[in-house]
Amino acid sequence: QLQLVESGGGLVQPGGSLGLSCAAPGSSFASYAFGWFRQAPGKEREFVATINWSGPSAAGSVKGRFTISRDNAENTVYLQMNSLKPEDTAVYYCAAEGPNGSGSYYNERRYDYWGQGTQVTVSS
């Protein structure tokens, strides 16, 4: 069982930046692929970014603004968010692929382990 601990959410003005962290203390961190998802009120949870064997990728809505990265020595995955817009306001979730993961990395059903979520609010 993998425990994910998120941090970094908060309130930021439009055009500002935030960095989110997702730590997996004591885990075999390098064995997992990771994703970031978000959910706004009244909306479906949607894919944001993933990092896996083929490298990082991001959804079209955030490409060029958000960057996913990982530090295996620190057992941490990051989401750097720049040029934030009000429509980026959502609860952001970190997710990790299980040992038998299959299907698209863009689909939440690929992932077995989830963080508690952290609120990101973009407002002036």
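If you're wondering where the values come from, they're calculated on a predicted model, not measured in any experiment.
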Atom pair CZ/CG of Arg70 and Asn75 - distance to nearest 0.5 Å: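 Going from the CZ atom of Arg70 to the CG atom of Asn75 covers 9.5 Å.
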hydrophobic_cluster_shared for Val48 and Val120, side chain cutoff 4.5 Å: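 Per the 4.5 Å side-chain linkage, Val120 and Val48 are co-clustered.
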Contact check, side chains of Thr118 and Tyr93, non-hydrogen atoms, under 4.5 Å: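 The answer is no, as the side chains (C-beta and beyond) never meet within the 4.5 Å cut-off.
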Minimum side-chain heavy-atom gap Leu2-Tyr32 below 4.5 Å: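 Sidechains of Tyr32 and Leu2: in contact.
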Qualifying side-chain hydrogen bond (donor to acceptor under 3.5 Å, both in side chains) pairs, either residue in residues 51-62, two or more places apart: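 As it turns out, the side-chain hydrogen bond (donor to acceptor under 3.5 Å, both in side chains) pairs with a partner in residues 51-62, which skip direct neighbours, are Thr50-Asn52, Asn52-Ser54.
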Contact list for residues 38-47, test side-chain hydrogen bond (donor to acceptor under 3.5 Å, both in side chains), sequence neighbours left out: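 Checked against side-chain hydrogen bond (donor to acceptor under 3.5 Å, both in side chains) - neighbours excluded - the pairs reaching residues 38-47 are Arg38-Glu46, Arg38-Asp88, Arg38-Tyr92, Arg45-Glu108.
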Which atom names give the shortest non-hydrogen contact between [X] and [Y], and what distance separates them?
X	Y	result
Ile68	Pro56	CG2-CB, 3.6 Å
Ser69	Val77	O-CG2, 3.1 Å
Gly98	Asp112	CA-OD2, 3.3 Å

Sequence neighbours excluded - salt bridge (charged side-chain N to carboxylate O under 4.0 Å, His left out) pairs with any residue from residues 77-87: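 Those involving residues 77-87 do not exist here.
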Qualifying ring pair (Phe, Tyr, Trp, His ring centres under 6.0 Å) pairs, either residue in residues 100-120, two or more places apart: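 Those involving residues 100-120 are Phe37-Tyr111, Phe37-Trp114, Phe47-Tyr106.
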Side-chain donor/acceptor of Asp71 to backbone N/O of Glu74, under 3.5 Å: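 Such a contact is found between Asp71 side chain and Glu74 backbone.
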Residue pairs involving residues 95-124 (criterion disulfide (SG to SG under 2.5 Å); sequence neighbours excluded):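 For residues 95-124, and leaving out neighbouring residues, there are no disulfide (SG to SG under 2.5 Å) pairs at all.
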Would you tabulate the side-chain donor-acceptor contacts of residues 3-23 under 3.5 Å, counting partners in other chains and residues two or more places apart, or write 'none'?
from  : atom 1 : to     : atom 2 : distance (Å)
Glu6  : OE1    : Gly117 : N      : 2.6
Glu6  : OE2    : Cys94  : N      : 2.4
Ser17 : OG     : Asn82  : OD1    : 2.9

